[in-house]
Amino acid sequence: MTTTDLVSDVPPDSGALRAPDQDLASAALAAALDGPLVSTQWLADHLGADGLVIVDATVVPSRSAEGGAAYRSGLEEFVTEGHIPGAVFAEVLDRFSDPAGRFPFTRPDADAFAAATAELGIRAGTTVVVYDAAVGQWAARLWYLLRSFGHDRVAVLDGGAVKWRAEGRPVERGQVATAAATAGTEGPGNADEGAFLPRERPGFWVETADVAAIVAGVRTGTLVCGTPPRDFAARHIPGSVSAPAVRLVDRESNAVLPAAELRAVFADVLEAPGPIVAYCGAGIAAAADALALALLGRDDVLLYDGSLSEWTADPAAPVASAVSPSVSPSTSAA
């Protein structure tokens, strides 16, 4: 593995007007995307391409002062341990979540999302490749957010940083400077036509009332839970199918499982009535399920953003477990 220490002064996209040949190159790059995943070889072949922004979305498991499970930004590892050359770092915990939200990792509003993506140099015509240093759930979360706000030129790096490093591919250390892709020029009325202007699309999210309607049988739908098997056994929304995010990737390579193996994981889901509602503890692992289902051709997947954190906040909400599969009231929050 090749490692270089640097701080890049050249942003991936300055936001300036693009030359026609650059626009053609960006369009060709976007056309080269063949679904929601790209391989490490694909990314290696396109490093430095016009219109490409590579985003590291790593979040690191941690412990709270009380000893409970917590998370922290992966920025320190990004800077000191290295990252894919030219990558910028996305602060999923605070810039791509609502820090004032009632529940962990609540999605931001469109204005906050616009500011966060602009800081990374993401524009309307940008092709975005997202990765993380875990099993891809954080990258999948950003992939889902981008699409839900109207940016379709996005894919997740198959195998993420784990596979990239295992193959001996180059990494760089240090922070990468970016310039905000502003939504306008100096004068009023001179809007930058290339700016990405997020608008939340319908058909990506469900609320607690929607999930409750599925549980009660008054609305069709299939609930899929992405929490680890032990957590699913302890508690889940009644009627859910378990599809742990950790079982969607190969243990050796960290790459997403082949389609036949994914179908086996989702065997109880693929023939079930839609829409498919994915959830987990706080809306992160659920995005990995949504990504896998997209690979299998399901385009009717919705994400329950609050997930169990929100569901269990209501003491009267029914919760099931492997020990007692019958519906019972919730007594604790995630």
Side-chain angles (χ1 to χ4, degrees), residues 59 61 63 68-71 103-106 132 134-141 144 205-208 210-217 219 221-251 254 256-257 261-296 298 300-334:
V59 173
R63 288 286 174 182
Y71 298 94
F103 304 104
F105 309 117
T106 298
D132 63 36
V135 295
Q137 74 272 35
W138 302 103
R141 173 70 178 189
Y144 198 88
W205 309 95
V206 295
E207 304 301 328
T208 297
D210 303 310
V211 177
I214 294 173
V215 173
R219 174 178 172 177
T222 301
L223 302 176
V224 176
C225 183
T227 60
R230 180 180 297 180
D231 293 349
F232 181 84
R235 62 176 186 175
H236 56 267
I237 299 173
S240 301
V241 176
S242 177
V246 294
R247 292 189 176 174
L248 303 179
V249 300
D250 181 87
R251 291 186 178 183
N254 207 49
V256 174
L257 294 175
E261 295 181 39
L262 284 180
R263 289 190 188 96
V265 173
F266 290 102
D268 295 329
V269 177
L270 294 176
E271 302 303 322
I276 298 172
V277 174
Y279 76 94
C280 53
I284 304 300
D289 277 346
L291 176 68
L293 286 162
L295 289 168
L296 295 177
R298 291 298 295 251
D300 59 344
V301 180
L302 308 172
L303 202 149
Y304 179 24
D305 200 29
S307 286
L308 283 169
S309 296
E310 183 169 349
W311 183 262
T312 59
D314 178 1
V319 174
S321 69
V323 176
S324 178
S326 60
V327 174
S328 59
S330 166
T331 58
S332 61

Check your understanding: Tell me, do Asp210 and Val277 make a side-chain contact under 4.5 Å, heavy atoms counted?
Key -> no
Exercise for review: Starting at CG of Leu296, measure out to CD1 of Ile276 and round the result to the nearest 0.5 Å.
Suggested key: 9.0 Å
**Study point:** Nearest-0.5 Å distance that lies between atom CZ in Arg235 and atom OG1 in Thr312
**Key:** 4.5 Å
Review point. If you measure from CG on Leu262 to CG on Leu295, what distance do you get to the nearest 0.5 Å?
Key: 6.5 Å
Revision key, fill the gap. Taken to the nearest 0.5 Å, the spacing of Cys225 SG from Asp231 CG works out to 8.5 Å
Point to revise | Distance-minimising heavy-atom pair for Ala70 and Arg63 | key: CB-C, 3.9 Å
**Study point:** Donor-acceptor pair, side chain of Trp311 and main chain of Pro318, under 3.5 angstrom
**Key:** yes
Exercise for review: Find out whether Tyr144 and Ile284 are in side-chain contact, i.e. whether some heavy atom of one side chain is under 4.5 Å from a heavy atom of the other.
Suggested key: no
Review point. Please walk me through it: do Leu308 and Val319 pass side-chain contact (heavy atoms from CB on, under 4.5 Å)?
Key: CA-CA 9 Å; Leu308 283 169; Val319 174; 5.7 Å; no
Point to revise | Where Leu248 and Pro244 come nearest, the two heavy atoms and their spacing | key: CG-O, 3.6 Å
Review point. CD of Glu261 to CZ of Arg247: how many Å apart, nearest 0.5 Å?
Key: 13.0 Å
**Study point:** Which atom of Thr222 lies closest to which atom of Ala272, heavy atoms considered
**Key:** OG1-CB, 3.1 Å
Review point. Ala234 and Ser321: which non-hydrogen atoms are nearest, and at how many Å?
Key: O-CB, 3.2 Å
Point to revise | Candidate list Asp289, Asp132, Asp305, test salt bridge (Lys or Arg N to Asp or Glu O under 4.0 Å), partner Arg141, passing option | key: Asp305
Practice item. May I ask you to check whether Thr227 and Tyr279 show a side-chain donor-acceptor distance below 3.5 Å? Key: no
Check your understanding: Would you say the side chain of Ser307 lies within less than 4.5 Å of the side chain of Phe103, judging by non-hydrogen atoms?
Key -> no
Exercise for review: Give the minimum heavy-atom separation between Ser309 and Ala282, together with the two atoms involved.
Suggested key: OG-CB, 4.0 Å
Point to revise | For Ala288 against Ala245, the heavy-atom pair lying closest together | key: CB-CB, 3.9 Å
Check your understanding: To the nearest 0.5 Å, what is the distance between CG (Leu257) and CZ (Phe266)?
Key -> 9.5 Å
